[in-house]
Engineer: 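Can you keep this structure in mind? I'll have questions shortly.
Residue numbers start from 1 in every chain, and the chains themselves are labelled A, B, ... in the order their sequence lines are given, proteins ahead of strands. Predicted, not measured: the structure shown is a model, and the values here were computed from it.
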Amino acid sequence: MSTLPPRSAAGVARPPWALGAPAAALGTSDAGDEPTRPDAAGNWLWLVTAQPRRLLVLGPAADGLVEFARRRFASTTTVMPAAYLARTVPDASADCVIVANALESPAFDYASTLWLLRHCRRVLRPGGVCCAAAPNPLWYGLLAPRDAEVGAGRRLARLARGLWGAARPGVLPQLLRRAGFAAARRYYVEPSLDAPRAFVPATGAAVRAYERQSARSRLRAPLVGLGLHAALFPDTLFLAHV
Amino acid sequence: MNRELCALLTEAGLATGAWSDIILLHNVAALPTPETPRGDYIWNRGFNLLVLDAHGRPAHYCKCRRPDDEALAHETRVREVLARDPALAAIVPSTRGVASGAIQIQVSRHVPGESFSRAVALLSTRRWERAVGEILAAVERVTARAAELMPQLAAPAGGVALADEAAWALEHLGNAGVPPEAVGRLARVLEQAGRAPGFPQHGDLWPGNIVRYGGSWWLLDFEMFGRIRIPLYDAFHLVRTSWHLRPGGALPLLALLRDRVAGPSSRSVLSAAARRAGLSRAQLGGAFVAYLVDIAARLHRRGMPSAYWLPYVAGLQRLDDDLAAPTPLEDLVPL
């Protein structure tokens, strides 16, 4: 079992503008919020990587993602605590490193995040990719109070880390560049990286297309129009290639 | 981006080589899924892709499933045939299927208009009635052409026995806990209704599968197309689901037909559809029962949360109360 924070297990608290059309019980297929299999968490990985010879997941990570990777990529998947990367993995030995939830830990400040990302760069072969996730502090800090499993102190700590920590969406791309990666591509994830229903490239055209396609609440339209895309999505994923 | 996916999209005529051109949607199951697909369980599905053009506009919609997913293969076959027909060029988006050993992809032209599921809440009752009537007329054009182009989907010349069409659903509901006496009453009503003119139905005609674009109603999601031949199945389903999306519209179908606001328009739409289908009042009553039984069993069988199928089972219970009265078959649907 992973040691993910409760937000992934209980689902993400959704603000009013995140609610879709009340159509869930109408169609007999593709009807909104159908149940999602946990291993669907790994489909994006298949889209990003063809057949990695070695895949490293720096824990904690969603069970579904790890299950998918182990089944799909057989014995090449290794899950390890982030701190072990420096000690145990040789240079240029992996094709993909996933840093899903590790950077949310209070232990990761600027210096240690940069240290970790430099080691990610070191262990990747040419053509390899680092997948780093950054949660949206507005969602997990302010909106998580709806989640009864998370205490107020923990929520405030999350908000503080999200607003000022090293893993926030505004800072992570800079750290990836400083660690030696090429420019990172950014994707919005909904409702969370642990149980993703949608991955949207972080461009205005793609977000507008997604909003039109997914028949979301009309309350989201002003935020889309103002370009406040980051407020609409709970998680951001950065893909940085070597 | 994954080379296998890239090669398949290229084979389908799409010029995309980067994931930045692609939005991943409806991601509900890993590909490949570990279990062999059974029936039409929702988790047999994989994910969908929305492919953008060079200007960032949606150009193609792709359904990605297991290579042995029969529902998608069926839909692709049907859509490829229907979309080639010039008479249906403004109703069924052009479609192509490609597959490898690991994945099956249906690539279709993206229809950029507004989904009926968004528009329906804002329509006046009169405009709702007109829109639903137009949609049903479009569906009937499609199903009539489908019966000509794909004779295997057409109903037998003597019509369909409603009891036979709903037999699997009654058995499923009985196994799911619906009381045997209620199942028996429903079965007797269907036997009594006898045979009715059958037509291949779309099978999933709810507003989310209908798009208004370029002055036409476009139909999406043909996975169930032709598998159901109960007359007026699409009409019952569209009336119920499209009214459901309107403010205060969450009513069982029977209550909706008796409702002071929704009733007149709903009855008008259904009686026009029944006339076009050549159904007698008794056959209409039988088709109504068959629809309620089929949709309740189908949604329950999907393994979806109870919120999805409970309203349909509740509607069935209400119908059973009426049948216990008993109500003559001719008076079952208050048209």
Engineer: Can you name the closest pair of heavy atoms from A209(A) and I23(B) and give their distance?
Structural biologist: CB-CD1, 4.1 Å
Engineer: Side chain from CB out, backbone as N, CA, C, O: work out which of these in L238(B) comes under 4.5 Å of a heavy atom of chain A, or both, or neither.
Structural biologist: neither
Engineer: Grab the two heavy atoms, one from N27(B) and one from A40(A), that are nearest each other, plus how far apart they are.
Structural biologist: ND2-O, 2.8 Å
Engineer: Where on L25(B) is there a heavy atom nearer than 4.5 Å to chain A: the side chain, the backbone, both, or neither?
Structural biologist: both
Engineer: Say you draw a straight line from CZ of R212(A) to CZ of R57(B); how long is it, rounded to the nearest 0.5 Å?
Structural biologist: 10.0 Å
Engineer: To the nearest 0.5 Å, how far apart are CG in N43(A) and CG in L49(B)?
Structural biologist: 9.5 Å
Engineer: Out of G42(A), A202(A), A206(A), which one racks up the most heavy-atom pairs below 4.5 Å with chain B?
Structural biologist: A206(A)
Engineer: How far apart are the closest heavy atoms of E211(A) and R118(B), and which atoms are they?
Structural biologist: O-NH1, 4.2 Å
Engineer: Grab the two heavy atoms, one from H55(B) and one from A205(A), that are nearest each other, plus how far apart they are.
Structural biologist: O-CB, 4.5 Å
Engineer: Give, for atom CG of L24(B) and atom CD of E190(A), the distance between the pair rounded to the nearest 0.5 Å.
Structural biologist: 12.0 Å
Engineer: Kindly compute the distance separating CH2 (W46(A)) from CG (L31(B)), expressed to the nearest 0.5 Å.
Structural biologist: 7.0 Å
Engineer: Say you draw a straight line from OH of Y187(A) to CD1 of I22(B); how long is it, rounded to the nearest 0.5 Å?
Structural biologist: 9.0 Å
